[in-house]
K.L.:
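The following block contains the structure, expressed as structure tokens.
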Amino acid sequence: MNATLTKKLCWGILFGVFLLMAGAVTESRAVEVGDFEGSWVANGTRKLFPFGDRKVYTFEISGQVSLQTELGRKKNYWSTCVGFADTTTGMTARCVWKDLDGPELYITLKSDRMQTDDQVTGSIVGGTDHLEGISGDLSFAWLTVTVQKEAGAESVTAQTLNLNGTYQIP
């Protein structure tokens, strides 16, 4: 092999190695950590599920989450929750808070009951788009929970007091 060809081959190999190394470098971004607070008003329906002497309900509520401080760059979310309430074991729910631009937050909630003054705790367990990988905790008390019976259906309206929490986006 002549020297010029060997030199070109070496430069070609070095260039290839450089490209492979450059491709291995990943973009890093800072972790976003924060606190949030605000209020939540929701309404929907609940259905009684016959279960002996216990009162058991399934429910679905939707409404506006209005924050005073940002959570993942936004202050307003539309919430939808489905849940289960039992007078013996308590209430559990799964919620999606959707940013009006599209990204979603996934939240789990738990409490002893779904009644006025009941304390609720929750976890942020994921999200989409720039909220992917988000985690955190939240809590609030129900300021009011109103149930109205109309034509065999029960409607539920609920409002929170002191909705607050923390979050971390990797």
Side-chain angles (χ1 to χ4, degrees), residues 27-49 54-170:
E27 181 183 324
S28 65
R29 67 177 181 182
V31 172
E32 181 182 337
V33 177
D35 299 320
F36 61 92
E37 59 184 67
S39 63
W40 178 24
V41 176
N43 58 53
T45 59
R46 77 175 188 178
K47 291 182 182 178
L48 178 63
F49 180 78
R54 292 158 69 164
K55 289 190 177 182
V56 176
Y57 297 95
T58 59
F59 64 89
E60 182 171 345
I61 58 174
S62 299
Q64 179 70 32
V65 177
S66 180
L67 302 177
Q68 297 160 346
T69 53
E70 291 185 347
L71 167 58
R73 301 184 212 149
K74 296 292 181 170
K75 291 185 177 183
N76 294 298
Y77 292 88
W78 183 257
S79 68
T80 301
C81 300
V82 294
F84 181 82
D86 181 326
T87 54
T88 301
T89 60
M91 184 275 297
T92 184
R94 301 298 180 260
C95 304
V96 176
W97 287 8
K98 186 172 181 161
D99 170 348
L100 302 179
D101 293 328
E104 298 176 343
L105 289 168
Y106 306 119
I107 296 172
T108 63
L109 298 176
K110 184 176 182 175
S111 69
D112 291 335
R113 302 173 314 272
M114 189 173 175
Q115 296 179 357
T116 300
D117 296 326
D118 195 32
Q119 187 66 35
V120 180
T121 58
S123 297
I124 302 170
V125 296
T128 62
D129 195 31
H130 68 277
L131 300 172
E132 188 172 336
I134 191 171
S135 61
D137 296 300
L138 62 118
S139 65
F140 60 87
W142 291 115
L143 176 63
T144 60
V145 177
T146 306
V147 178
Q148 294 181 350
K149 295 180 182 184
E150 296 176 16
E154 293 186 342
S155 64
V156 178
T157 302
Q159 182 176 357
T160 65
L161 177 66
N162 298 327
L163 169 64
N164 62 70
T166 61
Y167 70 94
Q168 177 175 321
I169 303 172

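Just so it is clear, the model here is predicted, and its values are computed rather than measured.
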K.L.:
If we only count heavy atoms from C-beta on, is the Ile124 to Leu138 side-chain gap below 4.5 Å?
P.N.:
yes
K.L.:
Shortest non-hydrogen contact from Pro170 to Gly133?
P.N.:
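Shortest heavy-atom contact: CD-O, 3.2 Å.
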K.L.:
Search all heavy atoms of Thr128 against all heavy atoms of Gly102 and return the closest pair with its distance.
P.N.:
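Closest approach of Thr128 to Gly102, heavy atoms only: OG1-O, 4.4 Å.
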K.L.:
Tell me, which pairs form a ring-ring contact (aromatic ring centres under 6.0 Å, His included) where one or both residues lie in residues 136-159, sequence neighbours left out?
P.N.:
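Output for this query lists Trp40-Phe140, Trp40-Trp142, Phe140-Trp142.
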K.L.:
In Å and rounded to the nearest 0.5 Å, what is the OG1 to NZ distance from Thr89 to Lys110?
P.N.:
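Output value for this atom pair is 9.0 Å.
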K.L.:
Can you check whether Phe49 reaches Asp86 side chain to side chain, under 4.5 Å on heavy atoms?
P.N.:
no
K.L.:
I need the minimum non-hydrogen distance between Ser123 and Asp137, along with the two atoms involved.
P.N.:
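In this case the closest contact between Ser123 and Asp137 is OG-OD1, 3.6 Å.
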K.L.:
Got a sec, which pairs hit side chain to side chain donor-acceptor pair (under 3.5 Å) with one end in residues 161-170, sequence neighbours left out?
P.N.:
Glu32-Tyr167
K.L.:
When you measure from the side chain of Tyr77 to the backbone N and O of Leu71, does any donor-acceptor pair fall under 3.5 Å?
P.N.:
yes
K.L.:
To the nearest 0.5 Å, how far apart are CG in Asn43 and OG in Ser62?
P.N.:
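Between Asn43 CG and Ser62 OG, I get 7.5 Å after rounding to 0.5 Å.
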K.L.:
Could you check whether any side-chain heavy atom of Val41 comes within less than 4.5 Å of a side-chain heavy atom of Gln64, counting everything from C-beta outward?
P.N.:
no
K.L.:
If the condition is side-chain contact (heavy atoms from CB on, under 4.5 Å), which residues does Val147 pass it with, not counting sequence neighbours?
P.N.:
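Partners of Val147 under the side-chain contact (heavy atoms from CB on, under 4.5 Å) test: Arg46, Glu154, Val156.
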K.L.:
Could you give all pairs that pass the side chain to side chain donor-acceptor pair (under 3.5 Å) test and reach residues 90-104, with sequence neighbours left out?
P.N.:
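For residues 90-104, and leaving out neighbouring residues, the side chain to side chain donor-acceptor pair (under 3.5 Å) pairs sorted by first residue read Lys74-Asp101, Thr92-Arg94, Glu104-Tyr106.
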K.L.:
Kindly compute the distance separating CD (Glu60) from SG (Cys95), expressed to the nearest 0.5 Å.
P.N.:
10.5 Å
K.L.:
Closest heavy-atom contact between Gly122 and Leu109?
P.N.:
CA-CD2, 4.0 Å
K.L.:
Could you work out, with side-chain contact (heavy atoms from CB on, under 4.5 Å) as the rule, every residue matching Glu150, not counting sequence neighbours?
P.N.:
Gln148
K.L.:
Quick check against the 3.5 Å criterion: does Thr87 have a side-chain atom that pairs as donor or acceptor with the backbone of Lys55?
P.N.:
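Yes, because the side chain of Thr87 sits within donor-acceptor range (under 3.5 Å) of the backbone of Lys55.
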K.L.:
Please report the shortest heavy-atom distance between Val65 and Ser79, naming the atom on each side.
P.N.:
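Closest heavy-atom pair between Val65 and Ser79: CG2-CB, 3.9 Å.
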K.L.:
Any heavy-atom pair between the side chains of Leu105 and Ile134 that's under 4.5 Å?
P.N.:
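In contact.
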K.L.:
Would you mind reporting whether Lys47 and Tyr57 have side-chain heavy atoms less than 4.5 Å apart?
P.N.:
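Counting from C-beta outward, Tyr57 and Lys47 never come under 4.5 Å.
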K.L.:
Identify the heavy atoms of Leu131 and Pro103 that sit nearest to each other, and give their distance.
P.N.:
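Looking at all heavy atoms of both residues, the shortest contact is CD1-CB, 4.0 Å.
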K.L.:
If you look only at distance, which donor and acceptor atoms sit under 3.5 Å apart when one is on a side chain in residues 111-118 and the other is two or more places apart or in another chain?
P.N.:
| from | atom 1 | to | atom 2 | distance (Å) |
| --- | --- | --- | --- | --- |
| Ser111 | OG | Arg113 | O | 2.6 |
| Ser111 | OG | Asp118 | OD2 | 3.1 |
| Arg113 | NE | Gln115 | OE1 | 3.0 |
| Thr116 | OG1 | Val145 | N | 3.1 |
| Asp118 | OD2 | Arg113 | N | 2.8 |

K.L.:
Taking the side chain as every heavy atom from C-beta outward, state whether Ser39 and Leu163 have any atom pair closer than 4.5 Å.
P.N.:
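Ser39 does not reach Leu163 side chain to side chain.
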